[in-house]
Every structure is written in structure tokens, then in C-alpha cells.
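Have a look at the structure below before the remarks.
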Amino acid sequence: MVDNTNGQTPVDHNSLRLSKPKSTAAGIPAVVSSGLHSMKKMGPIKTIKTLKMVNQKAGFDCPGCAWPDPEHRSAFEFCENGAKAVADEAMRANVDRSFFAKYSVEELSKKSDYWLNSQGRIAEPMYLKKGETNYQPISWSDAFSLMSSKLNSLDSPNRAVFYTSGRTSNEAAFLYQAFVRMFGTNNLPDCSNMCHESSGKALIPTIGIGKGTVTLEDFNHADTILVIGQNPGTNHPRMLTALRDAKLNGSTIIHINPLPETGLVRFKHPQDYIKLNFKSTRLADIHVPIRIGGDAALFQAINNIIINKKKLNQHFIDENTSGFSEYVKSLESIEWQRTCRDTGLDRELIEKIADICANSKSIISCWAMGLTQHKNGVAVIQEVVNLHLLGGHIGRTGAGLCPVRGHSNVQGNRTVGIWEAPSDSFTEKMELGLKHTMPRKHGLDVVNAIRAMENNQVDFLFCLGGNFISATPDTIRTSNAVSNLSMSVHVSTKLNRSHLVQSSEMIILPCLGRTEIDVQASGPQFVTVENSMGIVHTSQGQLSPASNKLKSESWIVAELAANTMPDLPIDFRKLVQNYDDIRALIADCVSGFENYNQKVRQDNGFYLPNPPRDDCKFETHNQLANFSINSLPNVDIEDNQFVMMTIRSHDQYNTTIYGLDDRYRGIKGNRRVVLMNPDDMLELKLKTRDVVDITSHHNDSAIESKHWIVIPYKIPKRNVAAYFPEANELVPLDSTADISNTPTSKWIICTISGQNSTSEEE
Ligand SMILES: Nc1nc2c(c(=O)[nH]1)N[C@H]1C(S)=C(S)[C@@H](COP(=O)(O)OP(=O)(O)OC[C@H]3O[C@@H](n4cnc5c(=O)[nH]c(N)nc54)[C@H](O)[C@@H]3O)O[C@H]1N2
Ligand SMILES: Nc1nc2c(c(=O)[nH]1)N[C@H]1C(S)=C(S)[C@@H](COP(=O)(O)OP(=O)(O)OC[C@H]3O[C@@H](n4cnc5c(=O)[nH]c(N)nc54)[C@H](O)[C@@H]3O)O[C@H]1N2
Ligand SMILES: [Mo]
């Protein structure tokens with residue numbers, strides 16, 4: 001029905017069911033939901049066997065999120081959504097040559113994301129020749145010959161782009177960036193560019209490290225925990241356990257979010273049922289229903305109140321920081337009228353939160369995409385940092401900054417070199433370790449890579465995991481850019497839309513997942529990953545691979561390197577025979593990994609050095625933590641406009657759609673919905689389930705997307721929400737955050753029109 005050759009998600013005509021949003025997260029429904037998903041995909045025996053290995057010392061790291069494991073683990077150390085991620089990977093390998101013979105690329109592109117994912121694991125390498133309609137099988141060696149001759153035929157190494165999604169192990173990621181840089185380019189865009197890039201860019205100049213500064217234990221000692229722009233009930237369910245424990249230890253939890261996300265209302269730990277404890281815990285003491293984009297105004301106001309009340313840690317400020325008096329001066333012009341308008345909040349509530357912060361001995365601030373994916377993503381995070389510097393809430397027990405990472409090893413990937421803009425000192429150490437020169441010129445990030453493809457400056461795209469088409473913004477524009485490529489290669493576990501938007505030649509390389517046994521010449525291997533709190537630990541797959549044609553990511557990267565550059569000083573093929581050898585090389589090339597092989601074998605792994613956390617030291621240009629002064633963003637919109645945020649539902653992992661239900665929000669069966677404030681609906685004369693068209697506006701350009709079902713929801717006026725990836729087609733490629741260049745997926749100015757009556761059954 002819809003022309004889908006450009007990678008758009010087809011319109012969803014399934015019937016929509018609505019119910020009241022839930023008030024308690026997890027509990028029995030979570031156990032049932034994860035159980036059902038797992039049983040359906042794996043059967044009962046494999047389900048129990050598999051789930052017992054998640055996040056255990058000798059098991060595999062959950063491919064779900066990057067939340068750390070407690071030191072004393074229970075037998076079932078996973079959450080509902082982790083169980084779904086595991087079950088999804090443990091599916092049978094039905095996507096093989098007969099599958100691709102049956103369905104042409106054109107036919108597959110008409111299928112929903114849910115359907116594509118539910119077909120099972122990809123079984124063997126596949127090749128789509130120029131002009132052909134269907135993928136055909138190809139041998140591993142022929143695939144490498146095609147790729148290496150393409151790479152060697154390029155006019156410049158910079159005409160190749162190497163994307164990474166954050167599930168890749170440290171070992172594979174390290175080998176990959178080593179090869180890419182020795183090949184001669186820093187074109188290493190990654191999912192981080194669309195995720196926590198703003199956090200890194202905000203933290204490096206202010207505290208000297210682009211990572212968080214707390215440990216899990218700190219949660220037990222925090223007076224106040226701010227959860228800002230984050231939906232942990234769905235995206236980091238195991239964080240709820242940490243919040244519950246903090247709560248039981250007396251902390252106050254403040255949830256700053258346009259939506260009253262269920263995960264932060266009440267929580268029931270599924271494991272408590274085993275102990276016959278049926279009570280749930282209230283989590284957030286205060287929900288702050290901020291307008292989308294109002295956080296900078298909120299934090300400046302809070303900081304100003306704290307300064308005016310003189311509730312400062314003057315000793316910390318004097319000893320450890322720079323820029324305090326300039327910052328104080330910069331806040332003098334704050335006006336309540338603007339604060340209340342930008343935030344949509346009453347003065348009273350803001351004063352109450354400021355009061356709590358001012359009187360807290362130790363604050364932890366957690367944040368995710370609700371802050372990073374904004375035009376002022378970097379600046380707003382720096383405003384949170386300012387709050388911490390005023391009270392010295394950093395570098396001591398129970399206090400600190402906690403950017404909550406997404407993909408399970410996205411932080412580790414960065415640490416070992418997946419970055420288009422490495423520092424000179426990083427590159428120098430890498431060169432010494434690898435005994436090979438590397439380019440200094442910074443490469444392309446995600447958005448600039450798409451622009452370069454659009455301008456025919458790139459011929460070759462290699463994706464180590466991920467779903468480039470559906471994760472990036474501006475779907476139609478990006479699809480057109482990608483179709484300019486002469487070759488694109490996807491190392492994947494599951495079928496996704498990126499396999500269906502045609503470049504001249506396409507290759508799919510199926511790889512082992514985190515859960516599967518990885519045997520190389522020296523025997524079974526484990527890999528290593530870094531969680532959101534800087535702990536590096538092992539992960540060892542335990543399940544038989546879904547197909548005997550799957551290869552490990554490290555092996556794939558090594559073969560790519562060996563085929564493309566046979567004369568390198570490093571024997572990539574030898575390195576993958578025993579991953580200890582890769583780790584030994586990482587120890588030589590990356591700071592903090594000395595004695596890697598020994599340290600990572602300790603129970604619970606090891607912490608990477610973190611000067612602010614460990615010693616209250618700040619390795620910035622002036623060796624001090626820096627206050628930052630940022631002007632407020634203009635969040636005014638015109639009378640007929642709305643601000644849209646694109647969010648995740650409960651049954652998805654990024655672009656992988658496990659199911660069609662968003663259980664906590666009470667939205668089931670159909671994902672092509674737009675959540676609106678009931679007063680706005682009245683004004684636009686819209687009823688529940690009416691169908692509308694949405695147009696996004698950026699500078700002078702507009703993008704239209706048809707057929708969205710309206711749902712009334714508790715969301716601030718003039719704010720709307722829709723699900724990612726369906727709504728990506730509305731995110732303009734050129735609307736990006738200052739400094740980090742992250743697409744503003746939570747700030748899309750749009751108009752809504754073309755209402756007609758319900759057509760969900762059509
Ligand atoms: N099950 C599951 N787990 C996941 C993922 C998944 O898709 N599924 N994805 C993983 C990845 S890669 C990531 S990055 C994380 C993402 O984790 P989150 O960042 O929690 O994910 P989002 O759904 O993007 O939610 C952002 C939240 O920010 C709020 N928000 C939006 N705009 C604003 C704003 O202007 N101000 C404030 N204060 N809040 C705002 C939204 O209402 C929403 O609750 O989760 C990871 N874990
Ligand atoms: N509008 C909008 N856009 C967004 C966001 C948003 O909030 N709103 N969020 C952004 C964020 S935070 C992120 S992190 C990106 C996510 O961007 P990506 O990381 O590119 O996307 P994923 O959906 O996580 O990738 C899913 C695919 O990864 C492959 N895969 C899964 N496991 C493995 C594995 O172990 N190895 C390999 N090689 N492949 C594997 C499967 O084939 C699957 O189809 O999207 C970004 N895009
Ligand atoms: Mo992410």
C-alpha cells in the first residue's frame with residue numbers, strides 16, 4: 001500500500017488496543033511477559049537453561065543494556081527486557097538461502113519491522129548483485145574477495161565508512177578500529193553519535209572524562225537521585241532494583257520527564273515473590289512533568305536558587321573548580337516568567353526541588369536520551385554538572401554523575417577506539433602498540449557520513465552490527481544517500497531494513513551473538529565488555545550457534561583485514577586464534593588495560609581508572625572541574641506547532657521490534673501512534689484513534705509523514721510523542737545538537753493535520 005523502496009517502515013494497520021497506563025513496573029506481569037516471549041522463541045528447556053546463564057560470573061553479559069551487575073548476584077540476574085533480548089538472539093536460523101529465494105528484496109521491504117525480526121536468525125552469508133531482485137548465498141571467502149577488491153580499488157581510504165553498533169565486544173571493536181585506521185581513515189561513526197555523544201562532549205571539558213563517576217554502591221548512599229530524561233522501567237529495568245534499594249535506604253528520587261513513566265512510579269521486584277514478599281515500592285517521590293526541552297531552564301533556576309541560598313560546598317568550589325564567579329554572574333539575569341514558560345512548571349515545584357537539592361549531602365544525577373538528543377544536548381548536561389559542582393557532589397561516596405548508557409558495550413567500544421575523532425594522545429599510543437602509522441585527520445560521524453554519501457563522496461559502507469537505515473534520522477533522505485553507495489556490507493544477527501535499501505552491491509555476513517559458544521583454533525573463547533560504570537568483565541557464550549555457518553565478529557574483522565591488507569605488521573589471523581592475544585595487544589595500545597588478561601579474569605572484572613570518581617581529580621586543560629556558562633535555548637514554537645519526541649516502547653530494542661505492545665503505557669497492537677495532550681486534541685477537534693498526517697519543519701524544509709493514530713496521553717501541552725524508528729522519517733538530518741552533532745530525536749518541531757475518522761481496521 002505504501003511505497004517503501006526508501007526504507008520507510010510500512011504503515012501499521014493492526015488494531016490498536018488502549019488501556020490505562022500501569023502504575024507498577026515489573027512484578028508478575030513482567031515474569032509472565034518475559035516467560036512467554038522466551039518460551040515462544042526457545043521452548044521451555046532452552047528457556048530455563050539460557051536465562052540461568054545471563055549475567056552470571058561464568059555466563060554471558062546480557063545483550064540488553066549496559067547497566068552493571070551487582071557483586072552478589074542472584075540466580076536470575078536479568079530483567080524482562082533482557083530476557084526478551086536473549087530469547088530473540090536464541091531463535092532458529094530460518095533466514096537462509098531458501099528464505100531469500102522465496103522473498104525478493106522488494107517484497108521484504110513491504111514487511112513490518114516486527115515481521116522481519118520474527119523470521120529468525122540469519123543463517124549464512126548472502127549477496128545481492130547489482131540489478132538482482134533476490135539475495136543469493138555466497139561463500140565467506142568469495143565475500144571477502146569482493147570486499148577487499150572493492151576497498152583496494154577506492155581512490156582514497158576516506159571513501160569508505162565503517163559503522164559500529166554498541167553490542168560488539170572489546171576484542172572485535174579493537175581489531176576493527178586498528179584495521180580501519182591502518183587502512184587509512186578515521187571514518188568510524190557509531191551508534192554513540194546518536195546516543196550519548198552529547199554526554200561525552202559535555203563531560204570531557206568539565207570533569208576531564210567522558211564517562212559517569214558513580215558505582216552501583218553509590219546508589220545505596222545517595223540522599224537524592226535525579227532521574228532525568230530516562231525511562232528505566234523499559235530501557236534499564238535492572239536500574240529499578242538499585243533505585244528501590246536506594247529508596248529503602250532513605251533517598252529521595254526525583255523524576256524529571258514529560259511523561260509519568262510507570263517504571264518510576266512503583267516497582268515490584270519479580271524475585272521477591274520467591275521470598276513471598278508481595279509489597280511493591282514507591283520509587284519517585286516527585287514527578288516533574290517538564291515540557292520537552294525545558295531542562296536547561298530548570299537546572300539554571302535550581303542552581304540560581306542554591307547560589308542565592310548560599311547552600312554551596314565552598315571548600316570544593318575553591319579547591320577543585322574554575323569559573324564559579326563567572327557562572328554566578330551569568331545566572332543573574334534569570335527571570336521566573338521565562339523559567340516557568342520554558343519548563344511548563346510552577347515556581348513552587350521548582351523551588352521545592354531546589355530546596356531538596358540544596359539540602360542534600362549527596363546527589364546522583366542519572367540521565368539518558370531525554371537530555372542528549374536535543375539541540376542543546378551538551379549544554380543541558382553541563383548545567384547538571386554545574387549543579388554537582390556547586391555542592392561538591394562528585395568524587396565522593398553517594399554522589400556523582402551517571403549517564404546511563406544504552407547498548408551493552410557501547411562504552412567499551414569507545415574506550416578501545418571506535419571514534420571518528422580520537423585525541424592525538426590516543427592515536428599516538430595506538431601507533432606505538434601497533435607499530436603502524438594512523439591518520440590524524442578526524443573522520444565522519446553518522447550525520448556527516450550520510451551527507452558524504454549524499455554527495456557521492458563515499459563508495460563503501462561496512463556496518464559491524466546495527467541497523468543503519470532505521471537508526472539514523474531522515475529515513476527517505478538517508479535511504480537515497482545509501483543507494484548512492486557501490487557496496488554496503490552488514491554484519492548482522494537478524495534481518496533488518498538496512499539489508500533492504502539497495503546500494504549497487506550488498507553483502508550480509510551473519511555472526512555469532514553474545515549468547516553463543518565461540519570456538520577458535522585455541523578452543524572456546526570469552527570476550528570482554530565494559531558496562532555503564534566502567535567495569536570491564538568477561539562474557540562467554542553458552543548456547544550452540546544458531547547455524548554452523550556463523551562466524552565471530554572478531555574473526556570477520558580479522559579476515560577483512562588480512563584479505564585487504566596482507567602485508568600489515570600485525571597478523572590478524574593469528575590474533576583471533578586466541579583472544580588472549582588480542583587482549584594482550586589492547587593492553588599495549590590503550591591506557592588502563594595493563595595486565596588485561598589477568599585482571600579481567602578476577603571475579604566481577606576490574607574498574608577502569610576514573611580520576612574524578614577515584615581521587616576527585618579532573619584531567620581537564622586546567623586540571624580543575626569547570627563550571628560552564630550556556631545561554632538558554634529558544635524553545636518557543638508557533639501557535640500551530642508541536643514539539644515531538646521519539647521514544648522507545650516496552651516491546652522493542654532500538655530498531656528491533658519484539659512485539660507490538662507498550663504494556664506500561666497501555667498502548668497495544670499498533671505502534672504508529674502519536675501521544676497527545678487531551679486539551680490539544682480538543683483544540684484540534686481530534687478524537688481518540690483519529691488518523692492524522694504529521695509534518696516536521698526545520699529551517700525552510702519540511703517532511704511529511706502520513707497516517708498516525710492519535711491517542712490522548714498525560715503529556716504536557718503542545719508536546720507529542722511517537723515511537724522510534726517509525727517516526728525517524730520525521731527527524732530532519734540537519735537538525736542536530738550543537739557540538740555533538742547528535743540528531744535531535746527528542747526535539748522535532750511539527751504540525752499536525754489531515755484528520756479523518758478511525759481507519760485502523762482498513
Ligand atoms: N528494552 C530496551 N532497552 C533499551 C533500549 C531499547 O530500545 N529497549 N535501548 C537502549 C539504548 S541504545 C539506549 S540509548 C537506552 C535509551 O534509554 P532512554 O533514554 O530511557 O530511552 P527513550 O525511550 O529514548 O527515553 C527517553 C525518555 O526521555 C524523556 N524525554 C524526552 N524528551 C525529554 C526532555 O526534553 N526532557 C526530559 N527531562 N525528558 C525527556 C521521554 O519521555 C522518555 O521517558 O536504552 C537502552 N536499553
Ligand atoms: N528517532 C530516534 N532515532 C534514534 C534514537 C531515538 O531515540 N530516536 N536512538 C538512537 C540510539 S540511542 C541508538 S544507540 C541507535 C541504535 O542504532 P543501532 O545500534 O544501529 O541499531 P539497533 O536497532 O540496536 O541494531 C539492531 C540490529 O543489530 C544487529 N545485531 C544484534 N545483535 C548483534 C550482534 O551481537 N552482533 C552484530 N554484528 N549485530 C547484531 C541485528 O541484525 C539487529 O537488526 O539509534 C538511534 N536512533
Ligand atoms: Mo543508544
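Counting convention: from 1, in listed order, for ligands and their atoms alike. Computed from a prediction, not measured in an experiment: that's the story for all the values here.
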Name the closest protein heavy atom to [atom], giving the residue it belongs to and the distance to 0.1 Å.
{"atom": "atom 14 (S) of ligand 2", "value": "C191 CB, 3.7 Å"}
{"atom": "atom 42 (O) of ligand 2", "value": "K494 O, 2.8 Å"}
{"atom": "atom 31 (C) of ligand 2", "value": "T493 OG1, 3.2 Å"}
{"atom": "atom 37 (C) of ligand 2", "value": "E553 OE2, 2.9 Å"}

A471 and ligand 2 - part of the residue with a heavy-atom distance under 4.0 Å: both
Q373 contact mode with ligand 1 (heavy-atom cut-off under 4.0 Å):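 It is neither part, as no heavy atom is under 4.0 Å.
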Proximity to ligand 1 by part of L371, non-hydrogen separation under 4.0 Å: neither
For [atom], state which one of [options] supplies the nearest heavy atom.
{"atom": "atom 18 (P) of ligand 2", "options": "F468, Y163, Y723", "result": "Y163"}
{"atom": "atom 44 (O) of ligand 2", "options": "N496, I469, N409", "result": "N496"}
{"atom": "atom 9 (N) of ligand 1", "options": "L264, T655, I292, N654", "result": "N654"}
{"atom": "atom 8 (N) of ligand 1", "options": "H236, M645, Q652, K746", "result": "Q652"}
{"atom": "atom 7 (O) of ligand 2", "options": "R648, E729, R405", "result": "R648"}

Distance-only donor-acceptor check, side chains S408 and R514, under 3.5 Å: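 Side-chain D/A pair, S408 to R514: present.
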N231 and Y664 side chains, donor-acceptor separation under 3.5 Å: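 There is no such pair between these side chains.
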